[in-house]
Undergrad: 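Below is a structure I'd like to ask you about.
Here is how names work: the chains are called A, B, and so on, in the same order as the sequence lines, proteins then strands, and each is numbered from 1. These numbers come from the heavy atoms of this one structure, side chains and all, not from hydrogens, waters or symmetry mates.
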There are 2 protein chains.
Amino acid sequence: MDSFTRLSRRPSLADDVSQKLSRMILEGDLAAGEQLPTEQSLAESFGVARTVVREAVSRLKHDGLVDSRQGVGAFVAEPSARSAFRISPACFEKRQKLLEILQLRTGITSEAAGLAALHRSDADIGFMEKSYRNMESSLLAGDEGTEKHLLAERAFYQRIAEASGNQYIKEFLSMLDTRIDMELRSVAIKNARVTEWSSEVLSEHMAVLEAIRRQDENAASQAVRYHYTLAAQRLADRADLADT
Amino acid sequence: MDSFTRLSRRPSLADDVSQKLSRMILEGDLAAGEQLPTEQSLAESFGVARTVVREAVSRLKHDGLVDSRQGVGAFVAEPSARSAFRISPACFEKRQKLLEILQLRTGITSEAAGLAALHRSDADIGFMEKSYRNMESSLLAGDEGTEKHLLAERAFYQRIAEASGNQYIKEFLSMLDTRIDMELRSVAIKNARVTEWSSEVLSEHMAVLEAIRRQDENAASQAVRYHYTLAAQRLADRADLADT
DNA sequence: AAAAACAGGTTGTCAGACAACATGGAGACA
DNA sequence: TGTCTCCATGTTGTCTGACAACCTGTTTTT
């Protein structure tokens, strides 16, 4: 694996069109039950070929955002028809929305911790201890250790999700964590560098580890909730998004 | 709205191809990093036009299952690149998988209840009381009331998700509940008709309502967890799926 | 009045062409 | 021998045009 990541490629036209259309639906510009313009008309409006529009609309259909009928047209579906959960860019544009997605993560991670307390192995504990020590030692490296610290923290909680023994919890958290880490990367880096609360954060992790070690379901769940609730506040404060 | 639903239409070829390809990826027949056959080759294998394959692959790209590079080919992505959470058909094929998706639902609904206890309005309580009464009275109607009972139960918990004040919890639960209700419909109907535990189930709902009424976050969370854990067992037992 | 046929419009699929990108190999040159 | 450039080949991304299949509303036939 290269130490440099491949430069990101331009999004395809289908990427652009599907993003614009789903945005219009999710923000209410196109209401449930409303008919989309015809494919030909969309192709003209976006200045692309009809096949590009079809690829984009195919994505929306797959997500349950749109329902098409041959010969009639495509219609915006009711929200209850949704068949995929995606982390919308809107999550990272307003403070309240950010707190809500972080709250969802807190709930599921808390659930994972409770389950991990019931199902964890000695190997899980060993791995978590190692990750904890990595978090600890990377703090001593100052700014240079920030990357390592964030990686160790991520590994710690990822292991908890695995120890939950629930595939879907694990997958969902993987998706959530990856996206949140990506969107809030610079924020998290700044927070990890604040020395005035780093020992407090470490003790939050330690409380999680100890609760899982002694297989105390409720304590594990509460410890994660405590840490993640504070972490969410810290992230939202640092991100400094508009309020509404 | 007609009292009869429109007959379901045949899935499109793109529906079929995307379902088959994603199945191959999710079941490990195509491993992360592995290259997919070329679009032309897939078109020939599936006996469809290349544009159909492109529409199907466009969906997989949108889900983060596949990453394509112009001029090179499409590759199965690492699981961490996933950008959507979908409820796979696999959830309903094996007992353990069913219990896991139900457990995920339990966790999030429990979280929603805790938040609802903090944020609920008098109108929320009023609505939940009405739904509770509907559950109660529909039980007296015997088999004829089963539909009403399930609707009232769904409305009760949907209101809790709304009262949580968290858009993403609400959306995620809407997706989960809709799908689970659809897949386990006949199972849930049979369970709703078992009179020997119906009063016990009603008291589980009442415990949820009372905890939210008195704004006791932990009691609400625990009451939902209690009900949903038992309900998951009942559903899984009745569904009688293979073990592995 | 009811049923059948027709016209027009839209989505679903197909086929073919070319642009844009990527990779590997051959040849030229220092 | 090592490095650089160019070319050939292969693949995805986009475009165009055509027709099948479906749907709806109107007109014609019974």
Undergrad: Atom CZ of A:Phe75 and atom P of C:dT10: how far apart are they, to the nearest Å?
TA: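 Answer to the nearest Å: 11 Å.
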Undergrad: Do the side chains of A:Asp63 and A:Arg86 get close enough for a salt bridge, i.e. N-O under 4.0 angstrom?
TA: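 Salt bridge between A:Asp63 and A:Arg86, a charged N being under 4.0 Å from a carboxylate O: yes.
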Undergrad: More 5' along DNA chain D: A:Arg50 or A:Pro11, using each one's nearest nucleotide?
TA: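 Final value for this comparison: A:Pro11.
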Undergrad: What nucleotide among C:dT13, D:dT12, C:dT23 has an atom nearest to a side-chain atom of B:Leu13?
TA: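 Between C:dT13, D:dT12, C:dT23, the one nearest the side chain of B:Leu13 would be C:dT13.
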Undergrad: So which protein N/O to nucleotides 5-9 of chain C N/O distances come out below 3.5 Å?
TA:
from	atom 1	to	atom 2	distance (Å)
C:dG9	N2	A:Gly71	O	2.8

Undergrad: Check the side chains of B:Thr178 and B:Asp181 for a donor-acceptor pair under 3.5 angstrom, ignoring hydrogens and angles.
TA: no
Undergrad: Within this structure, what is the CD1-CD1 distance for the pair A:Ile101 and B:Ile169, rounded to the nearest 0.5 Å?
TA: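 Between atom CD1 of A:Ile101 and atom CD1 of B:Ile169 there are 9.0 Å.
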Undergrad: I'd like to know if the side chain of B:Asn191 pairs up with that of B:Arg238 as donor and acceptor (distance under 3.5 Å, no hydrogens or angles considered).
TA: yes
Undergrad: Side chain of A:Ala49 only, please: which of D:dT16, C:dT11, D:dT12 is the nearest?
TA: D:dT16
Undergrad: We want to know whether A:Lys170 and A:Ser164 form a side-chain donor-acceptor pair, criterion being a heavy-atom distance below 3.5 angstrom.
TA: no
Undergrad: Is there a side-chain contact between B:Arg69 and the phosphate of C:dT23, meaning an N or O under 4.0 Å from OP1 or OP2?
TA: yes
Undergrad: Without decimals, in angstroms, what is the distance between B:Leu36 CG and D:dG13 P?
TA: 12 Å
Undergrad: Mind calculating the distance between CG (A:Leu42) and C1' (C:dT10) to the nearest angstrom?
TA: 12 Å
Undergrad: Taking 4.0 angstrom as the limit, do A:Asp67 and A:Lys61 come out as a salt bridge?
TA: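 Salt bridge between A:Asp67 and A:Lys61, a charged N being under 4.0 Å from a carboxylate O: no.
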Undergrad: Can we call the ring centroids of B:Phe156 and B:Phe127 under 6.0 Å apart?
TA: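 No, ring centres 6.0 Å or more apart.
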Undergrad: Could you tell me whether the side chain of A:Leu241 reaches within less than 4.5 Å of the side chain of A:Glu93, counting heavy atoms only?
TA: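 A:Glu93 does not reach A:Leu241 side chain to side chain.
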Undergrad: Can you sort out which residues in residues 51-63 of chain A have a heavy atom within less than 4.0 Å of DNA chain D? Ascending by number, please.
TA: A:Thr51, A:Val52
Undergrad: A:Asp237 vs A:Arg95, test: salt bridge (Lys or Arg N to Asp or Glu O under 4.0 Å). Steps then yes/no.
TA: CA-CA 9 Å; A:Asp237 289 346; A:Arg95 180 184 171 90; 3.0 Å; yes
Undergrad: Taking CD from A:Gln40 and C1' from C:dT11, how many angstroms apart are they, rounded to a whole number?
TA: 12 Å
Undergrad: Describe, as an angle rounded to 10 degrees, how the axis at the first end of the helix from C:dA1-D:dT30 to C:dA30-D:dT1 is tilted relative to the axis at the last end, five pairs per end.
TA: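 It works out to 10° between the end axes.
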Undergrad: Could you give the CD-to-C1' distance, from B:Glu39 to C:dA22, as a whole number of Å?
TA: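 So the two atoms are 15 Å apart, to the nearest Å.
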Undergrad: Whether the B:Asn134 and B:Ser131 side chains hold a donor-acceptor pair (N or O, under 3.5 Å, no angle test) is what I'd like checked.
TA: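 Per modelled atom types, B:Asn134 and B:Ser131 side chains form no pair under 3.5 Å.
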Undergrad: Check whether the side chains of A:Ser121 and A:Asp124 place a donor and an acceptor atom closer than 3.5 Å, and report yes or no.
TA: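 Yes, because at least one side-chain N or O of A:Ser121 sits under 3.5 Å from a partner of the opposite role on A:Asp124.
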Undergrad: In whole angstroms, how far is the P atom of C:dT13 from the CZ atom of B:Phe46?
TA: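 Spelled out: CZ on B:Phe46 to P on C:dT13 is 14 Å.
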